[in-house]
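Chain identifiers are assigned alphabetically (A, B, ...) following the order of the sequence lines, protein sequences preceding nucleic acid strands; residue numbering begins at 1 within each chain.
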There are 2 protein chains.
Amino acid sequence: MCHLLVTNDKRMARNRQTTEQQLIAATGRVLAQQGFGKLGVNAIAREARVDKVLIYRYFDGLSGLMRAYAEQGDFWPSADELLAGVDQVSGLQPIAQQFTTVMHNYVQALRVRPLTLQILSWEMVERNELTAYLEEVREQQGLALTGALAAIAEHRPEVDVAALASLVSAAINYLAARSQHIKYFNGVDITDDAGWQRLERTIAQLAEALLLSPDSV
Amino acid sequence: MCHLLVTNDKRMARNRQTTEQQLIAATGRVLAQQGFGKLGVNAIAREARVDKVLIYRYFDGLSGLMRAYAEQGDFWPSADELLAGVDQVSGLQPIAQQFTTVMHNYVQALRVRPLTLQILSWEMVERNELTAYLEEVREQQGLALTGALAAIAEHRPEVDVAALASLVSAAINYLAARSQHIKYFNGVDITDDAGWQRLERTIAQLAEALLLSPDSV
DNA sequence: CAATGTAGTCACCACCGGGTGACATTGCAA
DNA sequence: TTGCAATGTCACCCGGTGGTGACTACATTG
């Protein structure tokens with residue numbers, strides 16, 4: 001068992017910033033590969049090939065590391081991403097179509113972000129730095145979008161735009177997150193593009209039915 | 001430290017069936033009070049005031065115990081419960097109203113079953129005996145109900161009834177489960193009856209808009 | 001080149017989880 | 001009453017976790 005002073009070539013130059021980045025990156029990898037349940041200091045340090053004590057020294061513990069990870073991650077679609085294809089100068093596009101487009105963009109955005117789906121699932125069960133961050137961003141953005149929609153939909157005072165948006169986005173959140181583990185929900189294949197087209201088509205229909213102004217048929 | 005042969009009066013008569021019941025009941029209590037994350041042999045045995053080895057002997061491990069617990073629990077609303085208030089002899093009641101009533105009953109049923117909400121949350125994250133059981137029952141029942149609805153809604157071939165039912169029930173699952181930990185979703189208070197009335201009213205509107213036969217307005 | 005603070009390593013602790021083998025006690029049947 | 005299987009108790013083992021103190025190795029500065 002001679003472990004002499006073998007100069008290990010894989011040693012990285014000592015650099016705090018680099019190490020911090022490695023830890024943050026490792027957090028993402030552990031989350032993606034093993035899920036939230038296994039996300040702990042030991043697993044992260046192992047993945048980053050770094051000693052776990054550095055998590056305490058640099059981030060003051062797991063919470064701090066998760067906060068750092070949350071702030072530098074692209075978990076939530078930007079407003080621009082959600083509004084792609086929406087004519088913002090108003091009037092030219094029926095509000096129902098705007099709604100449908102936003103929800104379509106939302107579906108695409110979620111299905112392309114597996115880590116967001118992980119967090120979305122986990123926030124059903126536990127509240128922590130990551131889930132709190134995602135919640136906050138979502139709630140603010142949701143309110144902004146809903147507010148804009150509601151303003152345009154004044155011609156339909158009997159429709160509760162916030163409730164409608166809540167229902168549809170809740171359904172999308174649920175189905176997208178569940179598609180990680182199951183294939184069929186009520187007979188609809190939620191792992192498949194075809195299944196989502198059925199869902200999106202239905203969303204479009206109900207948006208038209210509820211939001212179109214009566215005279216613009 | 002004299003621990004003589006003090007005959008402990010709280011000793012139960014030895015009885016396997018009684019013990020099994022205690023373990024099953026303790027499973028429910030641990031689940032309700034500490035959530036899924038803490039549901040393990042140690043916690044259950046402690047709660048049941050019984051040695052954990054009996055979980056292995058009688059149920060062949062935690063999985064078996066959870067299966068037993070699932071089979072004897074009232075986690076899922078029965079078809080009768082969901083169909084309460086629905087006129088089944090058909091024809092007399094518009095299909096939109098039937099749909100709305102079923103979804104209303106579903107909301108009530110879920111909000112009154114905290115353990116079901118726990119399981120519903122957990123099945124977003126992990127698949128085990130309990131969540132698998134709930135999934136199976138739901139999928140079967142959902143398909144049956146959707147099939148019945150679809151048969152009645154023949155007059156609206158352009159509407160994808162399964163997709164519509166999936167959307168609405170997914171939204172209900174999501175919002176009911178999330179209401180365990182958060183209060184507002186997109187500005188709607190999901191811990192409050194008033195908030196749910198907004199949601200249900202919107203469900204009723206979209207059911208009318210999509211399912212009502214064109215001539216029965 | 002020496003000194004010093006920082007980056008990183010290592011060994012260790014207490015705790016808790018699942019799981020098991022050996023033992024004591026009880027009820028019941030022969 | 002005796003014997004035995006069923007019931008229940010206890011003491012462990014193992015591995016993993018979060019967390020900490022003492023150490024070494026390095027880079028930079030004077």
What pairs with V137(B) under side chain to side chain contact (heavy atoms under 4.5 Å, CB included), at least two apart in sequence or on another chain?
W76(B), Y133(B)
Sequence neighbours excluded, the answer for side chain to side chain contact (heavy atoms under 4.5 Å, CB included) partners of Q197(B) is none
Between T19(A) and dG8(C), is there a contact of a side-chain N or O with OP1 or OP2 at under 4.0 Å?
yes
Output the rounded distance in Å from CD1 (I44(B)) to P (dG19(C)).
12 Å
Looking at residues 56-69 of chain A, who's got a heavy atom less than 4.0 Å off DNA chain C?
R57(A), Y58(A)
Donor-acceptor contacts under 3.5 Å from residues 27-42 of chain A side chains, at least two apart:
from: T27(A); atom 1: OG1; to: L23(A); atom 2: O; distance (Å): 2.9
from: R29(A); atom 1: NH1; to: E47(A); atom 2: OE2; distance (Å): 2.7
from: N42(A); atom 1: OD1; to: K52(A); atom 2: NZ; distance (Å): 3.1

Specify the residues of residues 27-35 of chain B, ordered by number, for which at least one heavy atom lies under 4.0 angstrom from an atom of DNA chain C.
none
Atom-to-atom span, CZ of R14(A) to C1' of dC26(D) - whole angstrom
5 Å
Within this structure, what is the CG-to-P distance between D51(B) and dA6(D), rounded to whole angstrom?
19 Å
Distance check needed: dA6(D) C1' versus Q17(B) CD, whole Å only.
14 Å
dC23(C) P sits how many Å from L54(B) CG, rounded?
19 Å
Toward the 5' end of DNA chain D, which comes first, V53(A) or L39(A), by nearest nucleotide?
L39(A)
Under 3.5 Å donor-acceptor, S121(B) side chain and V125(A) backbone
no
Contacts under 3.5 Å, N or O only, protein and nucleotides 14-17 of chain D:
from: dT17(D); atom 1: OP2; to: R46(A); atom 2: NH2; distance (Å): 3.1

Can you pull the salt bridge (charged side-chain N to carboxylate O under 4.0 Å, His left out) pairs that have at least one residue in residues 179-198 of chain A, sequence neighbours excluded?
R111(A)-D193(A), K183(A)-D189(A), R198(A)-D160(B)
Taking salt bridge (charged side-chain N to carboxylate O under 4.0 Å, His left out) as the test, write out the residues that go with E208(B), two or more places apart.
none
N/O donor to acceptor pairs below 3.5 angstrom from side-chain atoms of residues 53-70 of chain A, sequence neighbours left out:
from: R67(A); atom 1: NE; to: E129(A); atom 2: OE1; distance (Å): 3.1
from: R67(A); atom 1: NH2; to: E129(A); atom 2: OE2; distance (Å): 3.4

Roughly, in whole Å, what's the span from CZ in R16(B) to P in dG27(C)?
17 Å
Is R127(A) salt-bridged to E123(A), cutoff N-O under 4.0 Å?
no
Applying side chain to side chain contact (heavy atoms under 4.5 Å, CB included), name anything that partners Q21(A), two or more places apart in sequence or on another chain.
I24(A), Q72(A)
Could you name each residue pair satisfying ring pair (Phe, Tyr, Trp, His ring centres under 6.0 Å) that touches residues 165-196 of chain B, not counting sequence neighbours?
Y174(B)-F185(B)
Check side chain to side chain contact (heavy atoms under 4.5 Å, CB included) between E126(B) and all other residues, then give those that pass, not counting sequence neighbours.
W122(B), N128(B)
